[in-house]
Each structure stands twice: as C-alpha cells, then as structure tokens.
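Everything quoted here is computed from the prediction, not taken from an experiment.
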Amino acid sequence: MSLPLRTSTKARRALRLTGVIAVAAAAVALSGCSGSQGSTTLDTKAKVKIEVWSGQVDAAQTAIEGLAHEFEKAHPNVTIDLSPGASSTDQLLQKLSAGFAGNQYPDMSYAFGSWAGQLEASGRTLDLSSDVKKPEVKWDEFTAAARGTAQPTGKKVIGFPAVVDNIGLLYNKTLFDKAGLAYPTADWTWDDFRAAAKKLTDSANHIYGYGYSVSGSEETTWQFWPHLWQNGGSILSSDGTKSEFASPAGVDALTFLQSMAVDDKSVYLDQTDTKFGQLFVSNRIGMITSGPWQLSDLKIGGTKYGVVPLPGTNGDHQTVSGPDIWALFDHKDANRAYWTTQFAQWLTSAEQDERFNVAVGNLPLRSSEATSDAVMKEAATYPGYDVFVANSKNVKETRPTTKGYADLSVAIGKAISSVLQGQGEPQPALEQAAKTADSEMTK
C-alpha cells in the first residue's frame, strides 16, 4: 500500500494530520502579485504546457506518470511537466508560498485539505464552480466532505478531490473471543460500545477495551468529531467565524468518553498517537477507531480483526474524513486553465481513480467505484477495506479548512486530553477551549 511520499498508509495518515498544524506553523504569506498574462482566448488545439506537482513518490509517482503519459498521447498538443514538487508533501505549502511571491507556481498541485482555505485566500486559485456543474464531471459522486474541502469558504471550487478516507471501529477478535463477547455490529450504540470496552478490560494483565490519543494533536481532535456530530453538535457556526463545540452536544460527548476513561478505566490513553495501534495489533487493546491505513499493519502482524462503522447514537453513525485535493491555479491563460481542468477531471474519473488511488491502497474517490473489480480485489487482500468504502456514506460533515482551524484543533485537543486524564471537567474545559479558539479566529 504505497502512498504519497511515504512507504505506508500509517505514515501517510500521520502526515495528513500534522498537515493541519503545518498551516499555522508555516506562517507564510500566500498572497502576492498576479501571474503573467497568457492567452485570453481559448484555443483547444494550441500547443500548451502545464506544470503539475504530484506530491507522490515510489509506486504512486510511477502510476501517475503513466497516467500523465496516457493523457498526453490522447491530446498531442498537451505536455505535462510532472514532478513531486518537493521532497515531502508537507513542504509543498511553503514551496507554493514562495512560488506565489516569485510568480513561479504550478498549474496544479497536490495539497492537504487543511491548506484549502489558505490557498483560496492567496487569490491564485482557479474557480471551477461552473465546471463541476457539468453532467460529465459527476460532482455528486464525491463525498460531501470531499466536495466541501474543495470549496473551503463556499465562494468557489478551487480543485478536485485527491484522496478520501474515514474512520471506523476496528475490533480484535482474539480479545473478544477470550472475553466471550459477541462481535460489534453496524447497529452498535454508544452504550454497547462502553459496555464491551469495560468487559474487555483486564487491568491485571494490562489489557484495555479501547485506545484513544491524548497527545492533544489533531489525532485527539479527529477522533472526537464523530461523537460531536452524532450527538447533533457542530464544530463552527454556519458562517465559520465562531466555535460551537462547547454546546450541550459537545459536553455530553466528552462526558461519555470521560466515563469510559476515568470511571470505567477501560481506555488506554496514548500520549504518542502511535502506541494504541501497535497494542491493538499485539492483542493488548480490544477496540480502536482508525482507518484503512491501519489494515496493512494488521495483515503484517497476523491480527485477527473485524471492521464496522462507528458506534452511534439515535441511529446516527457519522464518521469523519480528512480529504486532500488537487488544487488548480490561475496563470491568466485560458489554454492552461482549460487543459489543467481537463487533466484533473480525467485523473479523478472513476476509470483512472481505480488505477491510481485504489491501486495504491487509498479508498476510491467516487461512489460509483464501490463495487468495482478494483475495490473487490483490494478488499480481498485487506479484509475490512470494503467496510471503509461503504462507510463513506456516513461522511456527512466537512472538517473545517477555514482560518483558525489549526488553533481550534490545538485548543480542543488539549481540553479533551486533560478531561480524559482526570484533570478537568467537560463543560469548563470545552468552554475555555472555545474561548481560546474564538480569540485566534478573530486575529
């Protein structure tokens, strides 16, 4: 499962989560003077060269190079200058910033979804709002979260979805069998989940029912959002200017997790973001919430496991997704804009996506691929992959990419961590986090 600029989906996932913080840490100005003037009249037969930063290496880079050559063959007037763009994906944002300042930026670049708001604010992105309405684009086949990430402020569409994912409940069959418990189902409630975690816990032998990150990173925050949404809560106000997670829905969700961690002592509290996955593989944790990137480790470790959608409340089993995008940039050249859009649309079509994303272990971008031969082949190799594919229907909310989200994530991550470690209470902790987040968003 070779993925962009990493050798495993696990490392890939870590990069995408830290990409949230990279937005704040970069502290770069993405605005600048406009690009050079090109052709203002579209001529689809004119020779054109477009530059693409792929954000890929190894097998994934080889795959996208092959696809680019196919596109060039089908369109002899188009040349695609394709390169990874930087030595690592998280360096692309800084390189784009420098490129904007010096008028040396690509026509298209892979970008973490958390950068979308920053990229739109640069004033350098194309507006694809009219293009994605065309029937042949089949925009509705992408998840709502993927579409929302490509449209960060709701004002314009700045690119196409590049990678999608979600998290589900992974359960360790060895520990469930040992405890004499029935395996989780797709209809599990929060109460079912809590009861099983408590029964799975064997403190004398250092076995826990569940694992959760308390590093305070985006991993901590990321695992909390489904609980908030399932309970009817929101991260931000509808205009994106004020936090709303300290609502009764948020307090109830955090209180539920607190009851498991502090009262039941059934949760392994991971300070590192990495140990809970390792302990699950080695039969020390009964359940974790994770995504398809975990499957290769489970296969290598020989772990007996199953995957189901997240436990829900009131029949709501929402999950969270952190989509990445292909961002498209404006060079004031009608021909470059047209062919960049055509390539992005072609690359993210179902046929090409099955040979790219699915082939390297990512989930398919489009709902129409769910029962494809490529997906069935991946599911046969990595049991549970098909569950994550189907779980895309439970991706209903978009993780914010607007200004201030990185600071909001840090604030609530610290609050969650302190409460789960018995160092605070849900309501005051969330209220303080909201106050901190709001002050950062207004800067």
Side-chain angles (χ1 to χ4, degrees), residues 166-203 207-214 220-235 245-270 276 279-280 284-291 305-320 384 387-388 390-391 393-397 412 415-422 424-427 429-430:
N166 64 73
I167 59 174
L169 184 71
L170 281 74
Y171 59 93
N172 187 299
K173 291 184 176 181
T174 297
L175 293 181
F176 268 80
D177 291 344
K178 184 177 180 180
L181 291 175
Y183 297 151
T185 71
D187 298 322
W188 253 27
T189 65
W190 288 9
D191 289 340
D192 294 328
F193 172 53
R194 179 183 178 183
K198 190 172 182 178
K199 290 180 180 178
L200 286 164
T201 300
D202 180 356
S203 57
I207 293 175
Y208 294 85
Y210 183 53
Y212 196 99
S213 163
V214 290
T220 302
T221 306
W222 156 272
Q223 292 191 39
F224 179 74
W225 293 145
H227 292 281
L228 175 70
W229 291 330
Q230 290 176 11
N231 215 28
S234 299
I235 300 174
F245 56 77
S247 62
V251 172
D252 288 347
L254 186 52
T255 299
F256 170 76
L257 292 173
Q258 179 193 42
S259 68
M260 293 179 63
V262 179
D263 299 338
D264 300 348
K265 302 187 185 308
S266 62
V267 183
Y268 175 80
L269 302 174
D270 188 358
F276 70 92
L279 292 172
F280 180 84
R284 311 301 294 183
I285 293 178
M287 298 177 289
I288 59 173
T289 48
S290 191
Y305 70 94
V307 183
V308 293
L310 295 178
T313 183
N314 297 320
D316 191 327
H317 295 270
Q318 284 190 67
T319 186
V320 63
V387 178
F388 287 113
N391 200 35
K393 71 179 185 296
N394 289 315
V395 178
K396 299 176 182 179
E397 299 285 346
I412 191 174
I416 295 167
S417 297
S418 66
V419 170
L420 297 192
Q421 294 177 89
E425 291 299 322
Q427 184 166 338
L430 289 179

TODO: Output all residues satisfying side-chain hydrogen bond (donor to acceptor under 3.5 Å, both in side chains) with S247, sequence neighbours left out; order by chain, then residue number.
DONE: none
Task: Nearest heavy-atom neighbours spanning G286 and L200 - done: CA-CD1, 4.1 Å
Task: Atom pair OG1/CD of T255 and E425 - distance to nearest 0.5 Å - done: 8.0 Å
TODO: Would you check if L430 and I412 make a side-chain contact, meaning some heavy-atom pair closer than 4.5 Å?
DONE: yes
Task: Approximate separation, where rounding is to 0.5 Å, of W188 CH2 and Y171 OH - done: 9.5 Å
TODO: List the atom of S290, the atom of L170, and the distance in Å for their closest heavy-atom pair.
DONE: O-CD1, 3.7 Å
TODO: Establish, yes or no, whether a centroid distance under 6.0 Å links the rings of F276 and Y208.
DONE: no
Open item on the list: Just to verify, what does Q223 make a side-chain hydrogen bond (donor to acceptor under 3.5 Å, both in side chains) with, not counting sequence neighbours?
Closed with: E219, T289
Task: Shortest non-hydrogen contact between V419 and A429, atoms and distance - done: CG2-CB, 3.7 Å
Task: All side-chain contact (heavy atoms from CB on, under 4.5 Å) counterparts of D316, not counting sequence neighbours - done: Q230, Q318
TODO: Nearest 0.5 Å please: distance from the CZ atom of F245 over to the CG atom of L228.
DONE: 9.0 Å
Open item on the list: Please enumerate all residues that pass side-chain contact (heavy atoms from CB on, under 4.5 Å) together with D252, with sequence neighbours excluded.
Closed with: N231
TODO: First locate atom OG of S266, then atom CD1 of I207, and finally report the distance between them rounded to the nearest 0.5 Å.
DONE: 13.5 Å
Task: Closest approach of H227 to L257 (non-hydrogen atoms, all atoms of both residues) - done: NE2-CD2, 3.9 Å
TODO: Would you confirm whether N166, through its side chain, and F388, through its main-chain N or O, come within 3.5 Å as a donor-acceptor pair?
DONE: yes
TODO: To the nearest 0.5 angstrom, please state how far the OG1 atom of T220 sits from the CG atom of L420.
DONE: 8.5 Å
TODO: Quick one: pull up CD1 in I285 and OH in Y210 and give me the separation to the nearest 0.5 Å.
DONE: 10.0 Å
- [ ] Measure the shortest side-chain to side-chain distance between K396 and W229 over non-hydrogen atoms and say whether it is less than 4.5 angstrom.
- [x] no
Open item on the list: Do I167 and W225 make a side-chain contact, defined as non-hydrogen atoms from C-beta onward lying under 4.5 Å apart?
Closed with: no
- [ ] Examine distances only and state if a side-chain atom of T201 and a backbone atom of G209 form a donor-acceptor pair shorter than 3.5 Å.
- [x] yes
- [ ] Please name the residue in the list Q258, K199, R194 that meets the side chain to side chain donor-acceptor pair (under 3.5 Å) test with D264.
- [x] R194
Please output the side-chain donor-acceptor pairs of residues 175-183 that fall under 3.5 Å, not counting sequence neighbours, one pair per line with the distance.
unit_1: D177; atom_1: OD1; unit_2: Y183; atom_2: OH; d: 2.8
unit_1: D177; atom_1: OD2; unit_2: Y183; atom_2: OH; d: 3.1

Task: Flag side-chain contact, heavy atom, 4.5 Å: M287 against F193 - done: yes
- [ ] Apply side-chain contact (heavy atoms from CB on, under 4.5 Å) to V387 and list each qualifying residue two or more places apart in sequence or on a separate chain.
- [x] V307, P309
